[in-house]
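What follows is one structure encoded as structure tokens, with my remarks underneath.
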Amino acid sequence: MAVYEHDVLVIGGGLAGMRAALRAQELGADVAMVSKVHPVRSHSNAAQGGINGPGLGEGGGPWEEHFFETTKASDYLGDQDAIEILAREGGKEVLQCEHWGVVFSRKDDGQMAVRRFGGMGKARTFFVGAITGQAILHVLYEQLMKPAVHDAMRMYEEWFVTSLIVDEGVCRGAVAMNIRTGELHAITAKATIIATGGLGRVYEPSTNALICTGDGIAQAYRAGAPIMDMEMVQIHPTTLKGSGVLITEGARGEGAYLLNKDGERFMEKYAPKMMELASRDVVSRAEQMEIDAGRAVDGCVYLDMRHLGEDVIKEKLEEIYEIARDLVNIDIAKELLPVLPGVHYIMGGVKTDIDGLTPMPGLYSAGEAACVSVHGANRVGANSLLDTLVFGRRAAEHAVPWMQGKTFKPIPESVVENDRKMIRGILDRPTNGDRVAKIRRDMGVSMSANVGLFRSPDKLVAQQGELKTLRERYDKVGVEDKGSVFNTDLLFHIELGYMLDCADMIATSAIERKESRGAHTRLDFPNRDDENWLKHIVLTKQPDGSEKMTYIPVTITEFQPEERKY
Amino acid sequence: MKVKLKVKRSNPETGDSSYSKYEIETENSVTLLDALIQVREYEDGTLALRCSCRSAICGSCSMRVDGRARLACRAKVIALTRDNPEHEIVVEPMGNMPVIKDLVNDMESFWSKMRQVDPYIKPEGPTPEAEFRVPNEAMIDLTHVMNCIMCGACVSDCTVLEVDKNFIAPAALAKAYRATADPRDDHEHDRLEKLSEYGGIWDCTRCNMCVEVCPKGVAPMNRIMQLREMALEAGIKGNAGARHTGIFTKSIEDGGRLNEIWMVPGSVGMFNVPRMMKEMPGALKMLRAGKLPIGQVIPPGFPGSHKMHGMDRVRNVVRKSASLKPVKAEVKAHDA
């Protein structure tokens, strides 16, 4: 065991984490990055369709339009000071990616091409085929492989964070397990940036990768940092039945239709102007209403891409072509693809200001784990990648000058003792017939049933009871693998604990918000209620273990809330 | 359906190495990854494997399946069993890389080789105010290479790497193509020079294995061949690989067939006596087998060298194939 010391510790190796690490190092800090998977395995890969680039050339369009459309899509829950920054600085980040080598698709004149995305008035989304996230993630990792960067940055690759270190109210790094040895170490830092991504696996099914277990959000919560907007879970309109695998919005951006079983383009009834490209919450609700009304086949509506032609499909939607072929044996150039709404993204997360700083000194957050809030009650497609880059960079730009010149007292080795005991406890527990996987599945399925697209008070309350039962089972369940090396059995156990914390916060906030706004639809309160609910719900764990709920007003600078129509 | 799995296990803590057999009931539509996850979650929690996205974009779950490197999430169980419910799917960790535990490989050598090729673009001159203006065809070509998810399947099954650890291997060479062929990069020549050294593009034996196992259609070997052509075009010929290609082509152009007598001297260098001595035992064997026809003792291109019948047609073929070279995209303007 050892205590490692750094200036800045970035937790998470996805886009937000890498952007923060690169910038912090550029600013002269001694940077460490800890990630439970190799950085290129991160879930940023999954963003298929594109990245908005407000203000970038002709294609990106005026940043003010993006500012407004993002605010409107957020159902006015997004903080407008933060959204303005996203819109003003977004184009610059996309340009930086291009200069680093991202192979953005081009127009005939060699300028970057754009496609249309939902919730946006016109085409302003830059893209790399249907692998935009992957292309950007890999190019940022290319930057990390530069000798000057690689040699100076400490990569704790395949290290798993078990808790944050908090000393006298200041975050001082994290305790982490080297997955290859099973040893726990303290990685101390003057500033810590949580960039651990989302929590989609709290639901079953979900578009999210198996690693998206809300680790950072739960760690921050346990450390006493406030967590905001957790009721805002985005349901994506087009996912595959069963596996929940994502079919990019880019497909509709390229012109795909949504059809019900009668072959009707049903979006006409719900969003006559924007049709399939209305905001995600609007499209998902419309699909579910069609499904509930019996105008579905096998619980699915159809995504129709046949009229796009094989050339467009092969060039711009190759990834989707392959996914459909390999996973459901469908040729999208010739056949209809059955899709249904599925859990995709958490708008809420660790509460930060516009510099990624949480109310806890030394603790920052960026990307999906964070809630700045730029997405409010509903995130616009192609804004997630942008969010990671803009606020990953800004977190580093605040953290580095903040920590410079500060001295902290050393953290003793004993800081890992609690986590060691926790792990010992799990390993020593007998396997009692129950299984981590069973509890996780019961959690996911019940969350989907009770805290999904349409929410009712009885189901929400029932889910709180269910979560209590699951927690009791969790406290008793053991693991089979008692070894030290690459013990994934143990990691899944700890991850389930993180997910249960997140599930609790989602359910609690969903019960509290007595209105319908963005992704949060309450059957008993079908309308938006600006008078009472134009505010964020914030949950903070108290030193005595209890939970405190507070409200924070939404920051409104430019756009007064108005009725949202697409 | 019933699925039978035979999984290679290794436990570094006990030193044990063996195969575990599992038999599970699954739906017909599952992938091998689904099956392995089912085993891990409901049969045997000690089984270690990497996986994350379930849709072939994160590159975590490559392993050897019935002897071939595959992404477990891309392999349908029903296709693997080929309608034979008794078929036991053999699952092992990737080759050419050490094993940490069970199906988990240590990929450090993969990444260090990746770093070895300077896998990022290096534009010179002032950074443009807007984007680099580049042709879409170049970006689409590079997108196919960026499609690489670094899963390691090609490295696992690379037959050259198996015998020579110095070979940079397919994935990193494909990445080298990505940087070299990017019209925004300004170091094509020195990259190609470096890639022409020992362990680089000329050490590939064109066995095609990397093309076959790549789950993303990156076709690494084809990228290596493109790099070779770019190197030759750039005049980087001072190496055995380029010389071999030279004498090979010259021999065909001149006489219509391979001149085995002059291949070795032509490849290693006419005055490389120590190297030629090394090849002598092989040469003698070939001579005894009648594979060094004495009628071809005059080097290709010299008066009196051997010519086969129908040379006009051969020259036609050579000319046509030369015109098939891929055109490398150029930067239109550096700033716009």
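Labels below follow one simple rule: chain letters A, B, ... track the order of the sequence lines, proteins then strands, and each chain is numbered from 1. Since we're looking at a predicted model, the values are computed, not measured.
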Between [X] and [Y], is there a side-chain N and carboxylate O pair less than 4.0 Å apart?
{"X": "A/Glu98", "Y": "B/Arg184", "answer": "yes"}
{"X": "B/Lys216", "Y": "A/Glu318", "answer": "no"}
{"X": "A/Asp151", "Y": "B/Arg115", "answer": "no"}

Check: [Y] main-chain N/O paired with [X] side-chain donor or acceptor under 3.5 Å:
{"X": "A/Glu142", "Y": "B/Tyr120", "value": "no"}
{"X": "B/Glu13", "Y": "A/Ser484", "value": "yes"}
{"X": "A/His99", "Y": "B/Ala130", "value": "yes"}
{"X": "B/Arg54", "Y": "A/Ser243", "value": "yes"}
{"X": "A/Arg435", "Y": "B/Glu41", "value": "yes"}
{"X": "A/Gln134", "Y": "B/Met146", "value": "yes"}

Interface moiety of [X] toward chain A, non-hydrogen atoms closer than 4.5 Å:
{"X": "B/Asp34", "answer": "neither"}
{"X": "B/Ile140", "answer": "side chain"}
{"X": "B/Leu47", "answer": "backbone"}
{"X": "B/Ser52", "answer": "both"}
{"X": "B/Pro119", "answer": "both"}

### Task
For chain A, find which of B/Asn11, B/Thr31, B/Asp118, B/Asp106 contributes the most heavy-atom pairs closer than 4.5 angstrom.
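Top count of heavy-atom pairs under 4.5 Å with chain A: B/Asp106.
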
### Task
Heavy atoms only, distances under 4.5 angstrom: which of B/Glu27, B/Arg178, B/Lys122, B/Lys175 has the most pairs with chain A? Name it, please.
B/Arg178

### Parallel, tilted or perpendicular: ring planes of A/His38 versus B/Trp111, cut at 30 and 60 degrees
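The rings of A/His38 and B/Trp111 lie parallel, inter-plane angle below 30°.
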
Side chain, backbone, both or neither: which part of [X] has a non-hydrogen atom closer than 4.5 Å to chain B?
{"X": "A/Ile211", "answer": "both"}
{"X": "A/Thr207", "answer": "backbone"}
{"X": "A/Arg41", "answer": "both"}

### Query
For B/Leu49 and A/Thr488, which heavy atoms make the closest approach, and how far apart are they?
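Here B/Leu49 and A/Thr488 meet closest at O-CG2, 4.3 Å.
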
### Message
Tell me whether the count of non-hydrogen atoms from other residues, nucleotides or ligands lying under 6.0 Å of CD in A/Glu58 goes above 12.
### Response
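It does not: A/Glu58 CD has 12 such atoms or fewer within range.
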
